[in-house]
> 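Have a look at this one before I ask anything.
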Number of protein chains: 2
Amino acid sequence: MRSVSKPYDQYCPIAHALDMVGERWSLLIVRELLHGPKRYTDLSANLPGIGTNILAARLKMLEGCGIVAKHRLPPPAASQVYELTPYGAALKPIMRELALWGLSSLGPPKADEEMFPGWLGNALDVVFAPVAPDGSFEFRIAGEVASVVGGEVHEGPAAEPDAVVEGDAAGLYHLFVDGEWQDVTVTGDRALLERLLDAAATASGGTPAFATR
Amino acid sequence: MRSVSKPYDQYCPIAHALDMVGERWSLLIVRELLHGPKRYTDLSANLPGIGTNILAARLKMLEGCGIVAKHRLPPPAASQVYELTPYGAALKPIMRELALWGLSSLGPPKADEEMFPGWLGNALDVVFAPVAPDGSFEFRIAGEVASVVGGEVHEGPAAEPDAVVEGDAAGLYHLFVDGEWQDVTVTGDRALLERLLDAAATASGGTPAFATR
DNA sequence: CCGCATCCCCAAAGATACTG
DNA sequence: CAGTATCTTTGGGGATGCGG
(Lines give C-alpha, C1' and ligand atoms only; values in the text may rest on other atoms or scores of the structure.)
Protein backbone atom coordinates (compact mmCIF):
# COMPACT_ATOMS: atom_id res chain seq x y z
CA MET A 1 0.00 0.00 0.00
CA ARG A 2 1.37 3.35 -1.05
CA SER A 3 1.42 5.81 1.81
CA VAL A 4 0.52 9.46 1.78
CA SER A 5 3.31 11.87 2.52
CA LYS A 6 1.68 13.22 5.68
CA PRO A 7 -0.38 10.49 7.30
CA TYR A 8 -2.55 11.28 10.28
CA ASP A 9 -0.83 8.57 12.31
CA GLN A 10 -3.94 7.52 14.17
CA TYR A 11 -5.31 4.02 14.35
CA CYS A 12 -8.78 5.01 13.16
CA PRO A 13 -10.65 3.79 10.09
CA ILE A 14 -11.71 7.31 9.21
CA ALA A 15 -8.17 8.65 9.47
CA HIS A 16 -6.99 5.71 7.39
CA ALA A 17 -9.64 6.35 4.75
CA LEU A 18 -8.64 10.01 4.61
CA ASP A 19 -5.00 9.00 4.27
CA MET A 20 -6.03 7.25 1.05
CA VAL A 21 -8.63 9.60 -0.45
CA GLY A 22 -8.49 12.69 1.72
CA GLU A 23 -5.99 14.70 -0.29
CA ARG A 24 -7.15 17.45 -2.56
CA TRP A 25 -8.66 16.22 -5.87
CA SER A 26 -8.66 12.54 -4.91
CA LEU A 27 -12.41 12.16 -4.43
CA LEU A 28 -13.14 14.22 -7.53
CA ILE A 29 -11.00 11.81 -9.54
CA VAL A 30 -13.02 8.96 -8.04
CA ARG A 31 -16.18 10.85 -9.00
CA GLU A 32 -15.00 11.01 -12.61
CA LEU A 33 -14.39 7.26 -12.64
CA LEU A 34 -17.65 6.31 -10.91
CA HIS A 35 -19.51 5.56 -14.10
CA GLY A 36 -16.82 4.12 -16.29
CA PRO A 37 -13.11 4.12 -17.21
CA LYS A 38 -11.50 7.31 -18.48
CA ARG A 39 -8.28 8.32 -20.12
CA TYR A 40 -5.72 10.57 -18.48
CA THR A 41 -6.54 13.42 -20.82
CA ASP A 42 -10.28 13.17 -20.24
CA LEU A 43 -9.73 13.25 -16.50
CA SER A 44 -7.58 16.32 -16.91
CA ALA A 45 -10.23 17.99 -19.05
CA ASN A 46 -13.05 17.34 -16.57
CA LEU A 47 -11.07 18.56 -13.58
CA PRO A 48 -10.29 22.18 -14.41
CA GLY A 49 -7.36 23.53 -12.45
CA ILE A 50 -5.85 20.25 -11.33
CA GLY A 51 -2.42 20.50 -12.92
CA THR A 52 -0.97 17.53 -14.71
CA ASN A 53 1.59 16.68 -12.07
CA ILE A 54 -1.03 16.50 -9.35
CA LEU A 55 -3.26 14.31 -11.48
CA ALA A 56 -0.38 11.93 -12.14
CA ALA A 57 0.54 11.86 -8.46
CA ARG A 58 -3.04 11.22 -7.33
CA LEU A 59 -3.54 8.46 -9.87
CA LYS A 60 -0.35 6.80 -8.69
CA MET A 61 -1.51 7.13 -5.11
CA LEU A 62 -4.97 5.73 -5.83
CA GLU A 63 -3.43 2.92 -7.82
CA GLY A 64 -1.08 2.12 -4.95
CA CYS A 65 -4.02 1.94 -2.57
CA GLY A 66 -5.91 -0.46 -4.84
CA ILE A 67 -8.63 2.06 -5.61
CA VAL A 68 -8.00 2.51 -9.33
CA ALA A 69 -6.32 0.28 -11.89
CA LYS A 70 -4.58 1.24 -15.11
CA HIS A 71 -5.45 -0.77 -18.18
CA ARG A 72 -4.17 -0.69 -21.71
CA LEU A 73 -6.95 -0.80 -24.25
CA PRO A 74 -6.73 -3.59 -26.85
CA PRO A 75 -5.46 -2.53 -30.29
CA PRO A 76 -6.11 -0.56 -32.37
CA ALA A 77 -6.98 1.88 -29.55
CA ALA A 78 -3.43 2.17 -28.27
CA SER A 79 -4.32 4.30 -25.28
CA GLN A 80 -4.65 3.44 -21.61
CA VAL A 81 -7.55 4.04 -19.28
CA TYR A 82 -8.02 4.28 -15.53
CA GLU A 83 -10.91 2.54 -13.86
CA LEU A 84 -12.11 1.86 -10.35
CA THR A 85 -11.33 -1.47 -8.75
CA PRO A 86 -14.13 -3.14 -6.76
CA TYR A 87 -12.58 -1.57 -3.68
CA GLY A 88 -12.72 1.84 -5.31
CA ALA A 89 -16.26 1.25 -6.50
CA ALA A 90 -17.20 0.61 -2.87
CA LEU A 91 -16.77 4.35 -2.39
CA LYS A 92 -19.99 4.92 -4.31
CA PRO A 93 -22.34 4.96 -1.29
CA ILE A 94 -20.03 7.49 0.34
CA MET A 95 -20.07 9.67 -2.76
CA ARG A 96 -23.83 9.42 -2.80
CA GLU A 97 -24.22 10.52 0.81
CA LEU A 98 -21.67 13.27 0.30
CA ALA A 99 -23.47 14.50 -2.80
CA LEU A 100 -26.86 14.59 -1.06
CA TRP A 101 -25.35 16.39 1.91
CA GLY A 102 -23.60 18.90 -0.32
CA LEU A 103 -26.68 19.40 -2.43
CA SER A 104 -28.66 20.60 0.56
CA SER A 105 -26.58 23.75 0.77
CA LEU A 106 -25.50 24.10 -2.84
CA GLY A 107 -28.32 26.26 -4.15
CA PRO A 108 -29.56 26.41 -7.72
CA PRO A 109 -27.01 26.81 -10.51
CA LYS A 110 -26.23 30.35 -11.61
CA ALA A 111 -26.36 31.08 -15.29
CA ASP A 112 -22.57 31.33 -15.56
CA GLU A 113 -21.73 28.11 -13.70
CA GLU A 114 -19.54 25.91 -15.82
CA MET A 115 -20.81 22.39 -16.38
CA PHE A 116 -18.28 19.74 -17.31
CA PRO A 117 -19.20 17.18 -19.98
CA GLY A 118 -20.84 14.09 -18.59
CA TRP A 119 -22.13 15.81 -15.47
CA LEU A 120 -25.70 14.63 -16.07
CA GLY A 121 -24.80 10.95 -16.27
CA ASN A 122 -22.64 11.45 -13.23
CA ALA A 123 -25.47 13.02 -11.27
CA LEU A 124 -27.97 10.36 -12.27
CA ASP A 125 -25.51 7.62 -11.42
CA VAL A 126 -24.76 8.91 -7.96
CA VAL A 127 -28.17 10.15 -6.91
CA PHE A 128 -30.74 8.02 -8.72
CA ALA A 129 -29.17 4.74 -9.80
CA PRO A 130 -28.86 3.05 -6.40
CA VAL A 131 -32.54 3.62 -5.55
CA ALA A 132 -34.24 3.69 -8.95
CA PRO A 133 -37.49 1.75 -9.25
CA ASP A 134 -38.09 -0.45 -12.28
CA GLY A 135 -38.72 1.60 -15.37
CA SER A 136 -36.82 3.77 -17.80
CA PHE A 137 -36.27 7.49 -17.45
CA GLU A 138 -34.75 9.87 -19.95
CA PHE A 139 -33.25 13.22 -19.00
CA ARG A 140 -32.56 15.98 -21.53
CA ILE A 141 -30.95 18.73 -19.51
CA ALA A 142 -28.97 21.67 -20.82
CA GLY A 143 -27.82 19.91 -23.95
CA GLU A 144 -26.89 16.65 -22.23
CA VAL A 145 -28.93 13.48 -22.62
CA ALA A 146 -28.72 10.52 -20.24
CA SER A 147 -31.10 7.87 -19.01
CA VAL A 148 -31.78 5.54 -16.12
CA VAL A 149 -33.00 2.12 -17.19
CA GLY A 150 -33.56 -0.54 -14.57
CA GLY A 151 -31.16 1.14 -12.17
CA GLU A 152 -28.44 1.44 -14.80
CA VAL A 153 -27.31 4.79 -16.14
CA HIS A 154 -26.47 5.26 -19.80
CA GLU A 155 -25.31 8.27 -21.74
CA GLY A 156 -27.79 9.12 -24.45
CA PRO A 157 -31.52 8.56 -24.80
CA ALA A 158 -33.51 5.57 -23.58
CA ALA A 159 -35.11 3.19 -26.07
CA GLU A 160 -38.71 3.47 -24.87
CA PRO A 161 -38.68 5.80 -21.88
CA ASP A 162 -41.53 5.63 -19.40
CA ALA A 163 -40.90 9.27 -18.53
CA VAL A 164 -38.87 12.08 -20.08
CA VAL A 165 -37.63 15.15 -18.23
CA GLU A 166 -36.53 18.10 -20.32
CA GLY A 167 -35.19 21.47 -19.23
CA ASP A 168 -32.09 23.18 -17.88
CA ALA A 169 -29.92 22.56 -14.86
CA ALA A 170 -31.86 24.96 -12.66
CA GLY A 171 -35.10 23.21 -13.59
CA LEU A 172 -33.67 19.83 -12.61
CA TYR A 173 -32.43 21.32 -9.36
CA HIS A 174 -35.81 22.73 -8.41
CA LEU A 175 -37.54 19.52 -9.41
CA PHE A 176 -35.32 17.38 -7.22
CA VAL A 177 -34.59 19.64 -4.28
CA ASP A 178 -37.75 21.69 -3.99
CA GLY A 179 -40.22 19.34 -5.65
CA GLU A 180 -41.27 22.07 -8.06
CA TRP A 181 -42.28 20.71 -11.44
CA GLN A 182 -42.95 23.93 -13.32
CA ASP A 183 -39.38 24.57 -14.43
CA VAL A 184 -39.06 21.37 -16.47
CA THR A 185 -41.15 19.65 -19.12
CA VAL A 186 -42.21 16.18 -18.06
CA THR A 187 -43.79 13.75 -20.50
CA GLY A 188 -44.93 10.20 -19.78
CA ASP A 189 -45.53 8.55 -16.42
CA ARG A 190 -45.38 11.34 -13.86
CA ALA A 191 -46.30 9.03 -10.98
CA LEU A 192 -43.35 6.76 -11.75
CA LEU A 193 -41.02 9.76 -11.93
CA GLU A 194 -42.36 10.92 -8.60
CA ARG A 195 -41.48 7.55 -7.11
CA LEU A 196 -37.94 7.96 -8.43
CA LEU A 197 -37.63 11.41 -6.91
CA ASP A 198 -39.01 10.31 -3.55
CA ALA A 199 -36.67 7.34 -3.40
CA ALA A 200 -33.67 9.52 -4.15
CA ALA A 201 -34.59 12.31 -1.76
CA THR A 202 -34.84 9.82 1.07
CA ALA A 203 -31.30 9.32 2.19
CA SER A 204 -30.20 6.16 3.96
CA GLY A 205 -31.49 7.33 7.32
CA GLY A 206 -35.01 7.91 6.08
CA THR A 207 -34.79 11.66 6.43
CA PRO A 208 -34.48 13.87 3.37
CA ALA A 209 -31.03 15.38 3.54
CA PHE A 210 -32.43 18.77 2.64
CA ALA A 211 -34.48 19.07 5.80
CA THR A 212 -31.48 18.99 8.07
CA ARG A 213 -30.44 22.57 7.88
CA MET B 1 -21.18 31.00 3.98
CA ARG B 2 -17.47 31.20 4.51
CA SER B 3 -15.57 30.13 1.43
CA VAL B 4 -12.48 28.00 1.22
CA SER B 5 -9.39 29.70 -0.12
CA LYS B 6 -9.08 27.40 -3.13
CA PRO B 7 -12.55 26.30 -4.20
CA TYR B 8 -12.95 23.70 -6.92
CA ASP B 9 -15.16 26.06 -8.90
CA GLN B 10 -17.45 23.35 -10.21
CA TYR B 11 -21.20 23.31 -9.89
CA CYS B 12 -21.29 19.85 -8.32
CA PRO B 13 -22.64 18.83 -4.92
CA ILE B 14 -19.59 16.67 -4.24
CA ALA B 15 -17.18 19.47 -5.11
CA HIS B 16 -19.24 21.81 -2.94
CA ALA B 17 -19.17 19.35 -0.04
CA LEU B 18 -15.41 19.03 -0.38
CA ASP B 19 -15.08 22.81 -0.44
CA MET B 20 -16.61 22.75 3.04
CA VAL B 21 -15.11 19.66 4.66
CA GLY B 22 -12.46 18.49 2.20
CA GLU B 23 -9.48 20.30 3.66
CA ARG B 24 -6.99 18.46 5.81
CA TRP B 25 -8.20 17.80 9.40
CA SER B 26 -11.78 19.00 8.78
CA LEU B 27 -13.45 15.61 8.86
CA LEU B 28 -11.36 14.49 11.80
CA ILE B 29 -12.62 17.51 13.74
CA VAL B 30 -16.16 16.50 12.79
CA ARG B 31 -15.35 12.98 13.98
CA GLU B 32 -14.32 14.35 17.37
CA LEU B 33 -17.59 16.23 17.68
CA LEU B 34 -19.81 13.39 16.49
CA HIS B 35 -20.73 12.19 19.93
CA GLY B 36 -20.89 15.41 21.88
CA PRO B 37 -19.50 18.94 22.30
CA LYS B 38 -15.82 19.42 23.06
CA ARG B 39 -13.56 22.20 24.17
CA TYR B 40 -10.81 23.65 22.04
CA THR B 41 -8.12 22.11 24.18
CA ASP B 42 -9.69 18.66 24.09
CA LEU B 43 -9.92 18.82 20.32
CA SER B 44 -6.28 19.77 20.17
CA ALA B 45 -5.35 16.91 22.47
CA ASN B 46 -7.25 14.30 20.43
CA LEU B 47 -5.81 15.44 17.12
CA PRO B 48 -2.08 14.94 17.49
CA GLY B 49 -0.08 17.04 15.06
CA ILE B 50 -2.76 19.49 14.07
CA GLY B 51 -1.17 22.75 15.20
CA THR B 52 -3.23 25.33 17.02
CA ASN B 53 -3.47 27.76 14.14
CA ILE B 54 -4.87 25.11 11.83
CA LEU B 55 -7.41 24.00 14.41
CA ALA B 56 -8.54 27.59 14.90
CA ALA B 57 -8.79 28.14 11.15
CA ARG B 58 -10.75 24.93 10.57
CA LEU B 59 -13.16 25.66 13.40
CA LYS B 60 -13.76 29.11 11.97
CA MET B 61 -14.34 27.59 8.55
CA LEU B 62 -16.71 24.93 9.85
CA GLU B 63 -18.54 27.54 11.87
CA GLY B 64 -18.89 29.75 8.82
CA CYS B 65 -20.37 26.85 6.87
CA GLY B 66 -22.93 26.15 9.56
CA ILE B 67 -21.41 22.80 10.46
CA VAL B 68 -20.28 23.56 14.00
CA ALA B 69 -21.43 26.15 16.52
CA LYS B 70 -19.53 27.71 19.41
CA HIS B 71 -21.33 27.87 22.72
CA ARG B 72 -20.38 29.33 26.04
CA LEU B 73 -21.19 27.00 28.88
CA PRO B 74 -23.43 28.44 31.64
CA PRO B 75 -21.64 29.54 34.83
CA PRO B 76 -19.79 28.45 36.81
CA ALA B 77 -18.12 26.52 33.95
CA ALA B 78 -16.76 29.59 32.20
CA SER B 79 -15.44 27.72 29.22
CA GLN B 80 -16.71 27.42 25.66
CA VAL B 81 -17.42 24.33 23.63
CA TYR B 82 -17.83 23.46 19.98
CA GLU B 83 -20.67 21.25 18.87
CA LEU B 84 -22.15 20.05 15.62
CA THR B 85 -25.20 21.82 14.25
CA PRO B 86 -27.98 19.62 12.81
CA TYR B 87 -26.40 20.22 9.41
CA GLY B 88 -23.05 19.04 10.72
CA ALA B 89 -24.65 16.06 12.44
CA ALA B 90 -26.04 15.07 9.03
CA LEU B 91 -22.48 14.10 8.15
CA LYS B 92 -22.79 11.09 10.44
CA PRO B 93 -23.96 8.61 7.78
CA ILE B 94 -21.04 9.70 5.61
CA MET B 95 -18.60 9.19 8.45
CA ARG B 96 -20.11 5.78 9.04
CA GLU B 97 -19.68 4.68 5.43
CA LEU B 98 -16.20 6.14 5.33
CA ALA B 99 -15.24 4.32 8.52
CA LEU B 100 -16.55 0.98 7.25
CA TRP B 101 -14.76 1.48 3.96
CA GLY B 102 -11.53 2.44 5.67
CA LEU B 103 -11.82 -0.41 8.14
CA SER B 104 -11.80 -2.95 5.32
CA SER B 105 -8.18 -2.17 4.54
CA LEU B 106 -6.99 -0.94 7.93
CA GLY B 107 -5.77 -4.21 9.39
CA PRO B 108 -5.56 -5.07 13.08
CA PRO B 109 -3.94 -2.57 15.45
CA LYS B 110 -0.25 -3.00 16.09
CA ALA B 111 0.88 -3.03 19.67
CA ASP B 112 2.45 0.42 19.38
CA GLU B 113 -0.52 2.17 17.75
CA GLU B 114 -1.54 5.18 19.75
CA MET B 115 -5.17 5.31 20.80
CA PHE B 116 -6.64 8.69 21.62
CA PRO B 117 -8.96 9.01 24.62
CA GLY B 118 -12.60 8.44 23.76
CA TRP B 119 -11.85 6.33 20.70
CA LEU B 120 -14.07 3.50 21.90
CA GLY B 121 -17.17 5.65 22.32
CA ASN B 122 -16.38 7.20 18.97
CA ALA B 123 -16.14 3.82 17.28
CA LEU B 124 -19.32 2.53 18.87
CA ASP B 125 -21.17 5.70 17.95
CA VAL B 126 -20.19 5.61 14.31
CA VAL B 127 -20.32 1.89 13.63
CA PHE B 128 -22.93 0.46 15.98
CA ALA B 129 -25.29 3.18 17.14
CA PRO B 130 -27.24 3.72 13.89
CA VAL B 131 -28.06 0.04 13.51
CA ALA B 132 -28.12 -1.24 17.09
CA PRO B 133 -30.99 -3.54 18.03
CA ASP B 134 -32.83 -3.03 21.32
CA GLY B 135 -30.72 -4.05 24.25
CA SER B 136 -27.71 -2.82 26.18
CA PHE B 137 -24.11 -3.66 25.40
CA GLU B 138 -21.03 -2.85 27.42
CA PHE B 139 -17.53 -2.75 25.97
CA ARG B 140 -14.38 -2.85 28.10
CA ILE B 141 -11.57 -2.50 25.63
CA ALA B 142 -7.97 -1.59 26.36
CA GLY B 143 -8.80 0.42 29.45
CA GLU B 144 -11.75 2.28 27.94
CA VAL B 145 -15.32 1.55 28.90
CA ALA B 146 -18.34 2.56 26.82
CA SER B 147 -21.78 1.16 26.19
CA VAL B 148 -24.57 1.07 23.65
CA VAL B 149 -28.02 1.27 25.21
CA GLY B 150 -31.05 1.45 22.97
CA GLY B 151 -29.01 2.81 20.10
CA GLU B 152 -27.43 5.50 22.26
CA VAL B 153 -23.75 5.49 23.11
CA HIS B 154 -22.53 6.47 26.56
CA GLU B 155 -19.07 6.67 28.02
CA GLY B 156 -18.74 4.33 30.96
CA PRO B 157 -20.49 1.09 31.89
CA ALA B 158 -24.11 0.17 31.24
CA ALA B 159 -26.52 -0.22 34.17
CA GLU B 160 -27.66 -3.78 33.45
CA PRO B 161 -25.90 -4.87 30.26
CA ASP B 162 -27.35 -7.72 28.23
CA ALA B 163 -23.88 -8.49 26.94
CA VAL B 164 -20.35 -7.45 27.91
CA VAL B 165 -17.35 -7.58 25.64
CA GLU B 166 -13.93 -7.39 27.26
CA GLY B 167 -10.50 -7.45 25.68
CA ASP B 168 -8.04 -5.32 23.75
CA ALA B 169 -8.30 -3.35 20.53
CA ALA B 170 -7.01 -6.22 18.41
CA GLY B 171 -9.63 -8.51 19.92
CA LEU B 172 -12.42 -6.10 19.10
CA TYR B 173 -11.05 -5.79 15.57
CA HIS B 174 -11.02 -9.53 14.98
CA LEU B 175 -14.47 -9.88 16.51
CA PHE B 176 -16.00 -7.28 14.25
CA VAL B 177 -14.06 -7.68 11.03
CA ASP B 178 -13.26 -11.38 10.99
CA GLY B 179 -16.06 -12.68 13.19
CA GLU B 180 -13.55 -14.40 15.45
CA TRP B 181 -14.68 -14.52 19.05
CA GLN B 182 -11.66 -16.10 20.67
CA ASP B 183 -9.71 -12.90 21.23
CA VAL B 184 -12.28 -11.28 23.51
CA THR B 185 -14.22 -12.35 26.56
CA VAL B 186 -17.97 -12.21 26.01
CA THR B 187 -20.43 -12.60 28.85
CA GLY B 188 -24.22 -12.45 28.65
CA ASP B 189 -26.42 -12.75 25.59
CA ARG B 190 -24.13 -13.88 22.78
CA ALA B 191 -26.98 -14.18 20.27
CA LEU B 192 -27.99 -10.56 20.85
CA LEU B 193 -24.39 -9.43 20.41
CA GLU B 194 -24.21 -11.41 17.19
CA ARG B 195 -27.25 -9.54 15.92
CA LEU B 196 -25.49 -6.26 16.69
CA LEU B 197 -22.37 -7.35 14.82
CA ASP B 198 -24.34 -8.57 11.81
CA ALA B 199 -26.32 -5.36 11.63
CA ALA B 200 -23.17 -3.25 11.75
CA ALA B 201 -21.23 -5.32 9.24
CA THR B 202 -24.02 -4.94 6.75
CA ALA B 203 -23.43 -1.54 5.19
CA SER B 204 -26.21 0.42 3.57
CA GLY B 205 -25.99 -1.48 0.32
CA GLY B 206 -26.51 -4.85 1.95
CA THR B 207 -22.97 -6.02 1.27
CA PRO B 208 -20.44 -6.20 4.04
CA ALA B 209 -17.86 -3.56 3.29
CA PHE B 210 -15.08 -6.01 4.03
CA ALA B 211 -15.94 -8.30 1.15
CA THR B 212 -15.32 -5.69 -1.49
CA ARG B 213 -11.60 -5.99 -1.81
C1' DC C 1 -1.86 14.11 -29.76
C1' DC C 2 -1.28 11.32 -25.18
C1' DG C 3 0.94 10.63 -20.80
C1' DC C 4 3.39 12.14 -17.93
C1' DA C 5 8.17 14.50 -15.56
C1' DT C 6 10.48 18.89 -14.33
C1' DC C 7 10.86 23.46 -12.74
C1' DC C 8 9.40 27.63 -10.39
C1' DC C 9 6.56 30.20 -7.25
C1' DC C 10 3.25 30.95 -3.90
C1' DA C 11 -0.01 29.64 -0.51
C1' DA C 12 -1.15 26.30 3.06
C1' DA C 13 0.44 23.34 6.67
C1' DG C 14 3.62 22.35 10.68
C1' DA C 15 6.09 23.90 14.72
C1' DT C 16 6.79 26.93 18.32
C1' DA C 17 6.45 31.04 21.04
C1' DC C 18 3.60 34.22 22.95
C1' DT C 19 -0.70 36.79 24.76
C1' DG C 20 -5.60 38.25 26.70
C1' DC D 1 -7.75 28.04 28.52
C1' DA D 2 -8.24 29.62 23.97
C1' DG D 3 -6.47 31.08 20.82
C1' DT D 4 -2.93 34.73 17.80
C1' DA D 5 1.69 35.76 15.81
C1' DT D 6 5.69 34.33 13.51
C1' DC D 7 8.79 31.45 11.08
C1' DT D 8 9.96 27.51 8.31
C1' DT D 9 8.75 23.75 5.40
C1' DT D 10 6.10 21.48 2.06
C1' DG D 11 2.54 20.60 -1.17
C1' DG D 12 -0.22 22.54 -4.99
C1' DG D 13 -0.99 25.43 -9.37
C1' DG D 14 0.80 26.74 -13.76
C1' DA D 15 3.82 26.52 -17.47
C1' DT D 16 6.88 23.99 -20.07
C1' DG D 17 9.51 20.03 -21.87
C1' DC D 18 9.81 15.53 -23.86
C1' DG D 19 9.56 10.62 -25.10
C1' DG D 20 6.27 7.45 -27.33
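Below, read A as the first sequence line, B as the second, and so on, with proteins coming before strands; counting in each chain starts at 1. The shown structure was predicted, so the numbers you read here are calculated from the model rather than taken from an experiment.
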> If we ignore hydrogens and angles and just use 3.5 Å, is the side chain of Thr85(A) paired with the main-chain N or O of Ile67(A) as donor and acceptor?
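The answer is yes, because a donor-acceptor pair under 3.5 Å joins these two groups.
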> Can I get a per-line list of side-chain donor-acceptor pairs under 3.5 Å for residues 49-59 of chain A, giving both atom names and the distance, sequence neighbours left out?
residue: Arg58(A); atom: NE; partner: Arg24(A); partner atom: O; Å: 2.8

> If a protein heavy atom is under 4.0 Å from the base, mark B; if only from the sugar-phosphate, S; if neither, -; do that for nucleotides 8-20 of chain C going 5' to 3'.
----SSBBBB---
> Is the shortest side-chain N to carboxylate O distance from Asp125(A) to Lys92(A) below 4.0 Å?
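Salt bridge between Asp125(A) and Lys92(A), a charged N being under 4.0 Å from a carboxylate O: yes.
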> Starting at the 5' end of DNA chain D, what dot-bracket string do you get if Watson-Crick and G-U pairs under 3.5 Å are bracketed, crossing pairs use [ ], other-strand pairs use | and unpaired bases use dots?
.|||||||||||||||||||
> Examine distances only and state if a side-chain atom of His16(B) and a backbone atom of Gly102(A) form a donor-acceptor pair shorter than 3.5 Å.
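Checking the backbone N and O of Gly102(A) against the side chain of His16(B), a donor-acceptor pair under 3.5 Å is found.
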> Assign the ring pair Phe128(B) / Phe176(B) to parallel, tilted or perpendicular, where the plane angle (0 to 90°) is split at 30° and 60°.
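Taking Phe176(B) first and then Phe128(B), their aromatic rings stand perpendicular (interplane angle over 60°).
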> Name all residues meeting the side chain to side chain contact (heavy atoms under 4.5 Å, CB included) criterion together with Pro130(B); count only those two or more places apart in sequence or in a different chain, and write none if there are none.
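Counting only residues at least two positions away or on another chain, Pro130(B) forms a side chain to side chain contact (heavy atoms under 4.5 Å, CB included) with Arg96(B).
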> Between side-chain atoms of residues 145-152 of chain A and protein atoms elsewhere (two or more places apart, or another chain), which donor-acceptor pairs fall under 3.5 Å?
residue: Ser147(A); atom: OG; partner: Gly156(A); partner atom: O; Å: 3.1

> Using chain B heavy atoms and a threshold of under 4.0 Å, write down where along DNA chain D the contacts begin and end, 5' to 3'.
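Reading along DNA chain D, I get dC1(D) to dG13(D).
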> Using side chain to side chain contact (heavy atoms under 4.5 Å, CB included) as the criterion, list what pairs up with Lys70(A), not counting sequence neighbours.
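Here the qualifying residues are Glu63(A), Gln80(A), Tyr82(A).
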> Could you give all pairs that pass the ring pair (Phe, Tyr, Trp, His ring centres under 6.0 Å) test and reach residues 147-174 of chain B, with sequence neighbours left out?
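Qualifying pairs: none.
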> Does any pair with a residue in residues 32-48 of chain B pass salt bridge (Lys or Arg N to Asp or Glu O under 4.0 Å), and if so which ones, sequence neighbours excluded?
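Listed once each, the pairs are Arg39(B)-Asp42(B).
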> Apply side-chain hydrogen bond (donor to acceptor under 3.5 Å, both in side chains) to Asp178(B) and list each qualifying residue two or more places apart in sequence or on a separate chain.
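side-chain hydrogen bond (donor to acceptor under 3.5 Å, both in side chains) check on Asp178(B) returns nothing, list empty.
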> Restricting to pairs with a member in residues 134-150 of chain A, which pass salt bridge (Lys or Arg N to Asp or Glu O under 4.0 Å), not counting sequence neighbours?
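The answer is Glu138(A)-Arg140(A).
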> For DNA chain D, determine which residues of residues 36-47 of chain B have any heavy atom closer than 4.0 angstrom to one of its atoms, and list them numerically.
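Those residues are Arg39(B), Tyr40(B), Thr41(B).
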